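Taking it in order: structure first as structure tokens, then the write-up.
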Amino acid sequence: MSVAWVGSQPVSLMDAIQNAAKLLASSRCPVFTLDTDVHGTRSAIALAERLGGAYDHALGETLANEVSLFTDHGGMFTTPGEARRRSSLIVLVGDIPASHHDMLVTWASTQPDLGDRQQRSWFHINDSATNSADASKLGRKLKAVSLGAEGLTLGGALAVLRAQLQERQVTSSLSNIDRLRKALTKSQFPVFVFSGASGEAASLVMLQGLIADLNRKGRASSVFLPADDDAWGTALTSLWMTGFPPRTGFSNSLPSYDPVRWDIQRMIRDKEADLHVWMSTRGGKTPPRGGRIALISLSKDEGPTAGAAVSISVGKAGVDHDGVSYSSRVGTFRAVAASAPSLLPSLSSIVQQLAEALPGRRALPC
């Protein structure tokens, strides 16, 4: 089985590496789209630094919105484990991605065993106009009390809730607000659970303001559940390597973070880049369209990527080979063992070979 192609023609892996290295060496502004595990991300960022390129995640827009919650506005956060063990009042905010539903259902089958040991109650602040079927189904499973009002967006509902809890006048009221007031009175550690996909940044800034209000008289916090664990793992890996999350470039050797300037899809559309390196171990994903620049594809596919000058198939951490990935369930990184080991090379090993094939033949740092 071939794992490497130049155009649509199968070639040896070494030939593909040499062709890709020539494209990288001749590029004046290469850009990298990442969607891989920790080792793959580290290798890709090191290669981008050597070549003076820029990088972003495949879910760049969603990830940029999540990062802005921390970089622009701050907030009060706790871990899933702390929420499960200490909170008798959990309030879901907006739409929570389906990948986290099992964890929340697990919480519902337990009771807090530290601090506040009352029976756990659930509420759900929602936007009736955009509430998804999955969100409604989750609310029924958890027997969550709905908080909302006809015609109010999520941000509007949060603003009304914050005002009502401060005893301020409002033009509309939320359903079940009295039940929430009573639950807040009893709870020692209310926790609000939200995702980067829960709503616009302004809505989530309002949420953090509400939590800050509650902390004037007691204790409250929030659990942030990423829209995508792998994407959040890339953000944390990028932070420890460069001091910045993705949408970082090395045009002046030193890393610079700019969520607009280094938006890779925008750079491709506006023809600011001359080479796109697509790195995705998720499988079945395709590079963004809109540009006619040369494309190198390192992806978990069984054939060449349409339009790519060079394609190389790579494995996925936790499936084809061992690796390290982020888990929002434990709130940190964890080792993942291969569930179906294969001969597909890891993305980090291919990037290392690309680096050694470049002029100067220097290996990337560990």
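Because the structure is a prediction, the values reported are computed rather than measured. Numbering starts at 1 and runs along the sequence shown. Just so it is clear, the values below take in all heavy atoms, side chains as well, and ignore hydrogens, waters and symmetry mates.
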- May I ask you to test the Met76-Ser221 pair for a side-chain heavy-atom distance under 4.5 Å? yes
- Message: Under 4.0 Å between a side-chain nitrogen and a carboxylate oxygen: does that hold for Arg247 and Glu61?
- Response: yes
- Query: Does the side chain of Phe250 come within less than 4.5 Å of Thr242's, by heavy atoms?
  - Reply: yes
- In terms of ring plane angle, is the pair Phe77 and Phe194 parallel, tilted or perpendicular, where the classes change at 30° and 60°? tilted
- Ignoring hydrogens and angles, state whether a donor on the side chain of Trp5 or Ser297 is under 3.5 Å from an acceptor on the partner side chain. no
- In this structure, are over 12 heavy atoms from other groups packed under 6.0 Å from Arg181 atom CZ? yes
- Message: Check whether Ser87 reaches the backbone of Phe189 with its side chain - one donor and one acceptor, N or O, closer than 3.5 Å.
- Response: yes
- Trp240 and Phe333: aromatic ring centres closer than 6.0 Å? yes
- Polar side-chain atom of Ser26 near backbone of Lys22 as donor-acceptor pair, under 3.5 Å: yes
- Task: Nearest 0.5 Å please: distance from the CG atom of Leu275 over to the CD1 atom of Ile293.
- Result: 6.5 Å
- Message: My understanding is that only one of Pro245, Ser238, Pro259 makes a side chain to side chain contact (heavy atoms under 4.5 Å, CB included) with Val67; could you say which?
- Response: Pro245
- Query: Do the side-chain N and O atoms of Ser325 and Asp37 include a donor-acceptor pair separated by under 3.5 angstrom?
  - Reply: no
- Query: Taking atom CG of Asn252 as the centre, does the number of heavy atoms from other residues, nucleotides or ligands within less than 6.0 Å exceed 12?
  - Reply: no
- Query: Just wondering, do Pro287 and Leu295 contact through their side chains at under 4.5 Å, heavy atoms?
  - Reply: yes
- Would you say Ile17 and Ile312 make side-chain contact, with heavy atoms under 4.5 Å? yes
- Item | From CG (Leu210) to CG (Leu165), nearest 0.5 Å | 5.5 Å
- Item | Inter-residue atom distance Arg266.CZ - Asp56.CG, 0.5 Å rounding | 11.0 Å
- Task: Supply the atom-to-atom distance Leu214 CG to Arg219 CZ, rounded to the nearest 0.5 angstrom.
- Result: 13.0 Å
- Steps toward side-chain hydrogen bond (donor to acceptor under 3.5 Å, both in side chains) verdict (Thr110, Arg85): CA-CA 9 Å; Thr110 66; Arg85 299 198 66 183; over 6 Å; no
- For the student: nearest non-hydrogen atoms of Ala83 and Trp107, plus distance: CB-CH2, 3.9 Å
- Test item: Pro246 and Leu63 side chains (from C-beta on) under 4.5 Å apart, heavy atoms: yes
- Task: Applying side-chain contact (heavy atoms from CB on, under 4.5 Å), run through Gln353 and Gln18 and close with a yes or a no.
- Result: CA-CA 9 Å; Gln353 291 180 63; Gln18 292 295 334; over 6 Å; no
- Query: Would a 4.5 Å heavy-atom cut-off, applied to side chains only, mark Asp15 and Val6 as touching?
  - Reply: no
- Query: Below 4.5 Å, heavy atoms only, C-beta onward: do Leu152 and Ser172 meet side chain to side chain?
  - Reply: yes
- 4.5 Å side-chain heavy-atom contact, Thr305 and Thr286: no
